[in-house]
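We use all heavy atoms of the structure for the numbers below, so side chains are in, but hydrogens, waters and symmetry mates are not. Everything numeric in this text was worked out from a predicted model, so none of it was measured. Just follow the structure's listing: the first ligand is 1, and inside any ligand the first atom is 1.
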Amino acid sequence: MTKVLLLSGPNLNLLGTREPSIYGTDTLETHVERATARAALSGLALEHLQSNHEGVLIDAIHAARGEYAAIIINAGAFTHTSWALHDALNTFDGVMVEVHLSNPAARESFRHTSVLAPVVNGSIAGFGRRSYDLAVDAVVQLLDVGTGEAPK
Ligand code: DQA
């Protein structure tokens, strides 16, 4: 089965109770369950890792090389700072989609730059829980594995 790695960065383990007016009330587990189910509709096996540690995320990207067809990444605040994650993603030759629940472009200025954006296929932001649905759909399109059925 074609595998997709969903990576979640710092503080996303607190979703549900973390600034719910910005990030909503769904837990990370709920987002992952939805994304896993949606990926499965197109025959993709989605696996998830969350870490608050940059090096753990980098190690996961290295381990994904040759093993996963795609990476979906919500790097949290590392999005705006981590050239090390940028470089790690650059070593991955599969599909890469950056995802955010909120719309960083509409928030504080430090969130306006993503250092990951230049190395991924594309970025999806600002659609709340639907951001994850759209990220999976982007991977399905880019891998060309759609079933032709409308996803639920
Ligand atoms: C986030 C946006 C980032 O700016 C922030 O640091 C996060 C969450 C999002 O999903 O909207 O931790 O990636």
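In Asn11, neither the side chain nor the backbone holds a heavy atom less than 4.0 Å from any atom of ligand 1. Contacts between His100 and ligand 1 below 4.0 angstrom, taking non-hydrogen atoms only, involve backbone and side chain alike. With a 4.0 Å cut-off on non-hydrogen atoms, Arg18 touches ligand 1 through its side chain and not its backbone.
Side-chain contact check for Leu12 versus Arg18: some heavy-atom pair is nearer than 4.5 Å. The side-chain heavy atoms of Ser102 and Arg111, taken from C-beta on, include no pair separated by under 4.5 Å.
In this structure, Phe78 does not count as a contact residue of ligand 1, since none of its heavy atoms falls inside 4.0 Å of the ligand.
Taking CG of Leu49 as the reference point, atom CG of Asp59 lies at 10.0 Å (rounded to 0.5 Å). The distance from the OG1 atom of Thr91 to the CG atom of Leu89 is 7.5 Å, given to the nearest 0.5 Å.
Protein heavy atom in closest approach to atom 4 (O) of ligand 1: His80 NE2, 2.7 Å. Closest to atom 9 (C) of ligand 1, if we only count protein heavy atoms, is Leu101 N, 3.4 Å. Summary of contacts: the protein heavy atom closest to atom 11 (O) of ligand 1 is Ser102 OG, 2.6 Å.
Among the candidates Val32, Thr36, Val4, the single residue satisfying the side-chain contact (heavy atoms from CB on, under 4.5 Å) test with His48 is Val32.
Taking only nitrogen or oxygen atoms, main chain and side chain alike, Thr79 does not reach within less than 3.5 Å of ligand 1. Here's the thing with Ala77: one of its N/O atoms is less than 3.5 angstrom from an N/O atom of ligand 1.
Checked by atom type, the side-chain pair Ser114/Glu98 shows a donor-acceptor distance below 3.5 Å.
Set against the non-hydrogen atoms of Arg111, the atoms of ligand 1 under 4.0 Å away are 3 (C), 4 (O), 5 (C), 6 (O).
By the rule that hydrophobic residues join a cluster once side-chain heavy atoms approach within less than 4.5 Å of another member, Val139 and Ile73 end up as members of separate clusters.
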